[in-house]
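Inspection log for the structure reproduced underneath, given as structure tokens.
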Amino acid sequence: MMRLLLTTALCVVSLLGCNHDKPKPETKIPSQPRAAETFGETNAKPSLMVHQHVKGQNVYVECILSGFSFSTESGFLQITVDGKPFKEMKQAAFVLSDLPKGSHTVTIELMKSKEESYQVRNTFTVEII
């Protein structure tokens with residue numbers, strides 16, 4: 001019994017003693033500016049790439065925007081389904097819910113305001129079964 005207690009105590013002490021001597025990394029990687037830091041630094045036209053996935057009557061959409069940030073700039077995504085305004089979104093990931101069965105053309109356009117577009121859009125077709 002005494003031997004088990006002594007062995008347990010020795011293990012605990014040795015494990016706790018290793019916390020202060022963690023090795024430091026030997027390589028140094030220069031830090032790159034994050035994408036969020038470079039948005040305001042360029043006058044380049046924003047770009048838009050879209051990933052979508054259909055599940056049931058819902059379309060799960062993820063927009064990858066370059067040169068634009070919802071948190072630092074005014075603007076929104078205008079979602080059009082079959083040529084009709086559907087939603088305005090101020091986030092890059094969203095769900096188009098309860099679309100009727102059939103083929104639908106979805107257009108996502110980056111807007112500066114209700115009247116002015118960045119002239120950046122992506123159109124795709126989905127099939128709801």
### Task
State which residues pass side chain to side chain contact (heavy atoms under 4.5 Å, CB included) with Lys55; sequence neighbours excluded, sorted by chain then number.
His53, Tyr60
### Inter- and intrachain pairs under side chain to side chain donor-acceptor pair (under 3.5 Å), touching residues 120-129, at least two apart
Thr107-Thr123, Glu109-Arg121
### Full working for side chain to side chain contact (heavy atoms under 4.5 Å, CB included) between Ile64 and His51
CA-CA 8 Å; Ile64 296 98; His51 295 159; 3.8 Å; yes
### Query
If you round to the nearest 0.5 Å, how far is CD1 of Ile129 from NZ of Lys101?
9.5 Å
### Message
Do Gln57 and Ser97 have side chains that approach each other closer than 4.5 Å (heavy atoms only, starting at C-beta)?
### Response
no
### Query
Roughly how far, to the nearest 0.5 Å, is the OG atom of Ser71 from the NZ atom of Lys90?
11.0 Å
### Task
Just do the side chain to side chain contact (heavy atoms under 4.5 Å, CB included) check on Ile79 and Val61 with the steps written out, would you?
CA-CA 11 Å; Ile79 316 303; Val61 180; over 6 Å; no
### Query
Side chains of Leu99 and Asn58: does their closest heavy-atom pair fall under 4.5 Å?
no
### Message
Between Val81 and Thr105, is there a side-chain heavy-atom distance shorter than 4.5 Å?
### Response
no
### Query
Is the shortest heavy-atom distance from the side chain of Leu48 to the side chain of Cys63 under 4.5 Å?
yes
### Query
Tell me, do Thr80 and Val106 make a side-chain contact under 4.5 Å, heavy atoms counted?
no
### Message
Could you check whether any side-chain heavy atom of Lys45 comes within less than 4.5 Å of a side-chain heavy atom of Gln119, counting everything from C-beta outward?
### Response
yes
#### Entry: Residue pairs passing the ring pair (Phe, Tyr, Trp, His ring centres under 6.0 Å) test where at least one lies in residues 71-108, sequence neighbours excluded
none
### Query
Do the side chains of Leu77 and Val126 join up, straight or via other hydrophobic residues, at under 4.5 Å, putting them in one cluster?
yes
### Task
Determine which pairs satisfy ring pair (Phe, Tyr, Trp, His ring centres under 6.0 Å) with at least one residue from residues 107-129, sequence neighbours left out, and list them in order.
Phe68-Tyr118
### side chain to side chain donor-acceptor pair (under 3.5 Å) involving Ser74 - partner list, sequence neighbours excluded
none
#### Entry: salt bridge (Lys or Arg N to Asp or Glu O under 4.0 Å) against Glu116, all qualifying residues, sequence neighbours excluded
Lys112
### By salt bridge (Lys or Arg N to Asp or Glu O under 4.0 Å) - contacts of Glu88 (at least two apart)
Lys114
### Task
Examine Met89 and Met111 and state if one hydrophobic cluster contains both, with Ile, Leu, Val, Met, Phe, Trp and Tyr joined whenever side-chain heavy atoms are less than 4.5 Å apart.
no
